[in-house]
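Since the model is a prediction, treat every value here as computed from it, not as a measurement. Basis for what follows: all heavy atoms, side chains included, without hydrogens, waters or symmetry-related copies.
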Amino acid sequence: MVQKYLKDWKVHVLCIILVVIAEFIGRIPFKFGMVSFTLLPMLYVLVFGIILAVTKAIKQDTMEMASPYIGISVMWLIAKIGADIGPNIEKVIKAGPALVLQEFGNLGTIFFALPVAVFIFSMGRQAIGASFSNSREGSLAIVGNMYGLNSPEGQGVMGAYITGTLFGTLFCGILASLLISTKLFHPFALGMAAGTGSSSMMAAALAPVVDAFPDMKDQISAYASTSQVLTSLDGLYMSIFIAIPVTNWLYKIFRGQERYEKKEAAKAKKKGKAYVKETTGGIREVVSEEALDSGKANKMSFKEIWFVRLKVLLFSGIFASIGNWIATYKAHVAATDPAKIPPIYNPLQVIPALILLLIVVVLGCLIDDLVKAKLKWDFLPTILYISLIAVIFSLPGLKIGSFELGKYFVQEVSKIGLLPLCTPILAYAGISIGKDLDGFKKQGIGIICTALMAFVGTYVGSAIIAQIVLKLTGAI
């Protein structure tokens, strides 16, 4: 019985080993002149996976087993992101129309990046993962749940994420300097646009603006920080309901959907394979008839699905808590300001946080299962329900009798960091990455260029909308 349910034990053992090694290495900052970036543990586990695959240290069946676990472990990350939204709801309400509408500028990434990916590099659906956003942690979670990080879309978003980590800060700093020199944008608009990326990207894009307009430093910084909060709040929903559907729609137009389908079907026929359309209307993969029959024969029951789901959630949650312990310990030891020494949280101390997040995830999955079974709605991803429940749980005024549930939820969940939750996800991805290395190699330079164009689209698009709305509202 134990052997039946834990036949994948090697995957989980390898995952925790990679997590521990990566977290002990920790963040490594690099600075070479104008170039600066920080390598994070989640990137190391991907590199370790590539090394293990190249050296044939991981068997094919182990890679295959790890693939579905990526999407399950992603649910922790979505619950955490949702938990960070609730306490900041008031900031969205208080924000002016310029800050809210400026978020639509993030869609500029699609119109700048997708044509480059499709027309110049002839990319497949990797273009969707690399083009729909500026590919930070939230984007990994969204694509991981909707498509799987081992899918073509997953390859695209992971490639763009790595590109952003290595080149994002330098690129954003140069881009901001170029826009300043055009004198087309008010510094407030450029400050707001700077807040659409990660913290390091925001700092890089903000620095030249503040340097050029030192007398407006505080206002520019305030616009940037508020913009970043809003981006973290609405980015999930903007991606699910607008960015990804628009990217899929444009992809079909650019590729000439009917012509593309005929071409792929002809290729499949030559290889004696079956051509399968993706359920959302795009093209997912070409698989053999045998694989299709095997998939139908081995379809898991409701109980088996939930057993695997809970098992992977349990393991990945424990792994994340161990990674969080190591990360908080290293931050505690490295602190130099006695007044700002961060606390250390061991795995026992974050058990309440994990239980609360697990409740959110389980409720989200149950609602998703119910909606799909009763209403036959399969177009909304599980992460939507998970994030909405997390937002509700984290609302400041939420009470059960006299017990302030919202306050307690936020307080406990804050003990576990976002990045340690990402490391097990990327560890599972690293273990399974070997089977997709050929796809990465073929799309390498294309993904890099597409990601850089996505950064241009996000920053310029946000700056244009911010400039227009600030003028219309009389703010500038």
### Ile85 side, atom CD1; Ile392 side, atom CD1 - distance, nearest 0.5 Å
11.5 Å
### Message
With a 6.0 Å cut-off (strictly less than), is the heavy-atom count around CZ of Phe213, excluding the residue itself, greater than 12?
### Response
yes
### Query
Taking the side chain from Glu23 and the backbone from Pro41, do they hold a donor-acceptor pair closer than 3.5 Å?
no
### Task
Check whether any side-chain N or O of Ser414 sits under 3.5 Å from a backbone N or O of Gln411 as a donor-acceptor pair, and report yes or no.
yes
### Query
Measuring from Ile448:CD1 to Thr163:OG1, what's the distance to the nearest 0.5 Å?
5.0 Å
#### Entry: Straight-line distance of Ser387 OG to Asn145 CG, nearest 0.5 Å
10.0 Å
### Message
Would you compute the distance between atom OG1 of Thr62 and atom CD of Glu64 and round it to the nearest 0.5 angstrom?
### Response
10.0 Å
### Query
Per the side chain to side chain contact (heavy atoms under 4.5 Å, CB included) rule, which among Cys422, Pro68, Ser316, Cys15 passes with Ser73?
Ser316
### Task
Mind checking the CD1-CD1 spacing from Ile389 to Ile78? Nearest 0.5 Å is all I need.
12.5 Å
### Query
Are any side-chain N or O atoms of Thr328 and backbone N or O atoms of Trp325, one a donor and one an acceptor, separated by less than 3.5 Å?
yes
### Message
Using 30° and 60° as the class boundaries, would you call the ring planes of Phe171 and Phe455 parallel, tilted or perpendicular?
### Response
tilted
#### Entry: Heavy-atom donor-acceptor pair, Lys80 side chain to Gly417 backbone, under 3.5 Å
no
### Query
Can Asn248 and Arg125 be said to form a side-chain contact (heavy atoms from CB on, under 4.5 Å), step by step?
CA-CA 9 Å; Asn248 270 300; Arg125 290 187 64 83; 2.7 Å; yes
### Message
Val312 vs His12, test: side-chain contact (heavy atoms from CB on, under 4.5 Å). Steps then yes/no.
### Response
CA-CA 9 Å; Val312 175; His12 302 297; 4.3 Å; yes
### Task
Given side chain to side chain donor-acceptor pair (under 3.5 Å), test Ser133 with Ser139 step by step and report yes or no.
CA-CA 7 Å; Ser133 76; Ser139 302; 2.6 Å; yes
### Task
Would you indicate whether Lys415, at its atom NZ, is surrounded by more than 12 heavy atoms from other residues, nucleotides or ligands within a distance under 6.0 Å?
yes
### Query
Can you tell me if Thr109 uses its side chain to pair, donor with acceptor, with the backbone of Ser131 under 3.5 Å?
yes
### Task
Look at the aromatic rings of Phe241 and Tyr237 and report parallel, tilted or perpendicular, splitting at 30° and 60°.
parallel
### Message
Between Leu184 and Leu179, does the side-chain contact (heavy atoms from CB on, under 4.5 Å) criterion hold? Intermediate values first, please.
### Response
CA-CA 7 Å; Leu184 294 173; Leu179 289 187; over 6 Å; no
#### Entry: Qualifying residue for side chain to side chain contact (heavy atoms under 4.5 Å, CB included) with Leu114, from Ile253, Thr247, Thr450
Thr247
### Task
For Asp368 and Gly364, indicate whether the former's side chain and the latter's backbone hold a donor-acceptor pair under 3.5 Å.
no
### Query
Looking at Val209, Ile464, Leu470, which one forms a side chain to side chain contact (heavy atoms under 4.5 Å, CB included) with Phe185?
Ile464
### Query
Judged by atom type as modelled, is there a donor-acceptor pair below 3.5 Å linking the side chain of Ser432 to the main-chain atoms of Ala66?
no
### Query
Between Tyr428 and Phe319, what is the ring plane arrangement, given parallel below 30°, perpendicular above 60°, and tilted in between?
tilted
### Query
Any donor and acceptor pair, going by atom type alone, linking the side chain of Trp76 with main-chain N or O of Leu357 inside 3.5 Å?
no
### Message
For Phe24, is the CZ atom crowded, meaning more than 12 foreign heavy atoms sit under 6.0 Å from it?
### Response
no
### Message
Looking at every heavy atom in both Gly191 and Ile220, which two are closest together, and how far apart are they?
### Response
CA-CG2, 3.8 Å
### Query
Should Phe121 and Val116 be marked as a side-chain contact (heavy atoms from CB on, under 4.5 Å) after you check the CA-CA gap, both sets of side-chain angles, and the distance that decides it?
CA-CA 7 Å; Phe121 295 101; Val116 171; 3.7 Å; yes
